[in-house]
Amino acid sequence: MENQRNNLLVSSFLVYVLLLLTTAANAQLRQDFYHNICPNVESLVRSAVTNKFHQTFVTAPATLRLFFHDCFVRGCDGSVILQNGGKAEKDHPDNLSLAGDGFDTVIKAKAAVDSDPQCRNKVSCADILALATRDVIALAGGPSYSVELGRRDGRISTIASVQHKLPSPNFSLDQLNTMFSSHGLTQSDMIALSGAHTIGFSHCSRFSNRIYNFSPRNRIDPTLNLSYALQLRQMCPINVDPRIAINMDPTTPQTFDNVYFQNLEQGKGLFTSDETLFTDGRSKATVNLFASNNSAFNQAFITAITKLGRVGVKTGNQGEIHRDCTAIN
Ligand code: HEM
Ligand SMILES: *[C@@H]1O[C@H](CO)[C@@H](O)[C@H](O)[C@H]1NC(C)=O
Ligand SMILES: *[C@@H]1O[C@H](CO)[C@@H](O)[C@H](O)[C@H]1NC(C)=O
Ligand SMILES: *[C@@H]1O[C@H](CO)[C@@H](O)[C@H](O)[C@H]1NC(C)=O
Ligand SMILES: CC(=O)N[C@H]1CO[C@H](CO)[C@@H](O)[C@@H]1O
């Protein structure tokens, strides 16, 4: 009798703890988080981002990539935007194309939000980056979606935290899956998110091994489309100016669409990590699906970027709301 009661107590306690854990991990971000705090946050961010986008297209890829790097390093907590005397996340060599326009987009959107007295210092930089990312994707012709909100800003940003946290352009499928699954992202999520390379630029150094000295003997990576490889050699000669960056989607570089996946089918994935999604038999079917069905890609992308936006978030009393997105309070 006593034993049964104890068992019942123990098991209901366990159920309770489990419930707490699952809500803590998930339910704290909410689409209507700012409903009473700053009801116009979405339109304030959207108009600042739209202005910036019309000044320069780079706003779109720069903001999207900034969001990815923010989330994969210490969680989506705005820490990628912090300055730290040349020792911040953004000062790691992997930041090369974290184009200034991404940072500027968040800073301008923050100023727009804070111009509303009700909103002043109430909306986190991490949430502003998540909203701005949704807005640039839509502006570039991609899908629109509701953004979960309620992230708090982190207080730590160091070069060291970037180490081994971002994928390398020479990664294999297994390496990509290992890194993405450590953040709860599936292979399909990873493939859909790689579709972000449908816009934006890369510096020549990130793929020059594929067009000049691909090991062991070849001079051109055999998985590269030969005529594309020769075009790449023209744009990226051996002693190229390291500042030169080229379009990652050679076909529709300024449109967020599924042409990235059609390019992979033709051997026009710029990085090894792109092309391997098609050459590896385990991921090829998903690439073919996204290449042939834009709405299947859009749907998968929305699922995946929503999950990306939950990675390691700080909520409740954790972290702070940065008054200035480049500095801790
Ligand atoms: C799957 C593994 C990934 C690898 C290995 C990778 C690697 C890279 C590299 C090497 C560049 C070029 C940087 C440069 O030389 O300037 C780049 C650019 C970019 N990446 Fe990725 N990336 C990956 C996933 C993602 C994801 C998940 C996103 C966003 C959801 C993303 C968004 C972008 C964007 C938008 C650019 C262009 C940035 C610009 O033009 O300013 N990437 N990526
Ligand atoms: C990938 O690149 C890194 C440095 O960029 C290098 O250390 C590593 O050996 C490369 N891996 C492969 C499989 O080529
Ligand atoms: C390589 O690119 C050319 C030109 O865009 C295209 O016509 C051809 O089908 C591609 N080759 C392969 C093997 O996909
Ligand atoms: C494309 O994908 C969408 C969304 O997954 C699906 O509803 C639709 O049936 C697919 N279209 C075709 C032609 O397969
Ligand atoms: C935009 C930005 O912060 N770029 C920095 C990236 O890191 C290099 C050093 O690795 C700095 O020189 C850049 O200023």
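All ligand and atom numbering here is 1-based and tracks the order in the structure. All residue numbers refer to positions in the sequence shown, counting from 1. Hydrogens, waters and symmetry mates are skipped; everything else that's a heavy atom, side chains included, is used.
- When Pro167, Ser202, Ser273, Gly195 are checked for heavy-atom proximity to atom 3 (C) of ligand 1, Pro167 turns out nearest.
- For Arg134 and Glu42, the salt-bridge test passes: some basic side-chain N is under 4.0 Å from an acidic carboxylate O.
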| field | Candidate pair Ser161 and Thr158, rule side chain to side chain donor-acceptor pair (under 3.5 Å), full reasoning | value | CA-CA 6 Å; Ser161 22; Thr158 64; 2.7 Å; yes
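- Residue contact check: His203 has heavy atoms under 4.0 Å from atoms 14 (C), 15 (O), 16 (O) of ligand 1.
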One line per pair, note the atom names and distance for all nitrogen or oxygen contacts under 3.5 Å between ligand 4 and the protein.
unit_1, atom_1, unit_2, atom_2, d
ligand 4, 2 (O), Asn293, OD1, 3.2
ligand 4, 2 (O), Asn293, ND2, 2.4
ligand 4, 5 (O), Gln299, OE1, 3.4
ligand 4, 11 (N), Asn293, ND2, 2.8

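- For ligand 1, one of its N or O atoms has an N or O atom of Phe201 under 3.5 Å away.
- The closest approach between Met190 and ligand 1 stays at or above 4.0 Å for every heavy atom of the residue.
- At least one heavy atom of Phe180 sits under 4.0 Å from some atom of ligand 1.
- Residue contact annotation: Pro169 has a non-hydrogen atom under 4.0 Å from ligand 1.
- Short contacts between ligand 1 and Ser194, defined as distances under 4.0 Å to a heavy atom of the residue, involve ligand atoms 1 (C).
- Each of Ile328 and Ile107 belongs to its own hydrophobic cluster when Ile, Leu, Val, Met, Phe, Trp and Tyr are linked at side-chain heavy-atom distances under 4.5 angstrom.
- A salt bridge between Asp116 and Arg120 is absent, with no side-chain N of the basic residue lying under 4.0 Å from a carboxylate O of the acidic one.
- Close approach to Met248 involves these atoms of ligand 1, each under 4.0 Å from a residue heavy atom: 18 (C), 19 (C), 36 (C), 37 (C).
- Atoms of ligand 1 found under 4.0 Å from any heavy atom of Leu176 (numbered from 1 in listed order, with element): 1 (C), 2 (C).
- Under a 4.0 Å criterion applied to the non-hydrogen atoms of Gly200, ligand 1 contributes the atoms 37 (C), 40 (O).
- Every atom of ligand 1 with a heavy atom of Ser168 under 4.0 Å away is listed here by number and element: 5 (C).
- In summary, Arg155 and Glu320 engage in a salt bridge, as defined by a charged side-chain N under 4.0 Å from a carboxylate O.
- Residues Cys325 and Phe103 are not in side-chain contact: their nearest non-hydrogen atoms beyond the backbone lie 4.5 Å or more apart.
- Checked by atom type and distance alone, the side chain of Thr272 never pairs as donor or acceptor with a backbone atom of Asn170 at under 3.5 Å.
- Close approach to Asn225 involves these atoms of ligand 3, each under 4.0 Å from a residue heavy atom: 1 (C), 2 (O), 3 (C), 8 (C), 10 (C), 11 (N), 12 (C), 14 (O).
- For Gly267, the heavy-atom gap to ligand 3 stays at 4.0 angstrom or more.
- Residue Lys268 places at least one N or O, backbone or side chain, under 3.5 Å from an N or O of ligand 3.
- For the pairing with Phe301, the ring-ring contact (aromatic ring centres under 6.0 Å, His included) check across Tyr145, Phe256, Phe261 returns one residue only, Phe256.
- Using a 4.5 Å heavy-atom threshold, the side chains of Arg310 and Leu29 count as touching.
- Contact of the Asn288 side chain with the Glu265 side chain is registered, since non-hydrogen atoms from C-beta on lie closer than 4.5 Å.
- By the neighbour-count criterion of 12 heavy atoms within 6.0 Å, atom CG of Asp241 is densely surrounded, having more than that number from other residues, nucleotides or ligands.
- Heavy-atom proximity to atom 30 (C) of ligand 1, evaluated over Ala196, Gly100, Cys71, Ala192, is greatest for Ala196.
- Lys110 places a side-chain heavy atom less than 4.5 Å from the side chain of Asn121.
- Distances below 4.0 Å separate heavy atoms of Gln266 from the following atoms of ligand 3: 12 (C), 14 (O).
- Ring geometry, His197 versus Phe271: the interplanar angle exceeds 60°, so the pair is classed perpendicular (tilted spans 30 to 60°).
- Remark: distances from the non-hydrogen atoms of Phe171 to ligand 1 are all 4.0 Å or more.
- Listed here is the closest heavy atom pair of Val113 and Cys38: CG1-SG, 4.4 Å.
- In Arg206, the part holding a heavy atom less than 4.0 Å from any atom of ligand 1 is the side chain.
- Using a cutoff of 4.0 Å between basic side-chain nitrogens and carboxylate oxygens, Asp101 and Lys52 are scored as salt-bridged.
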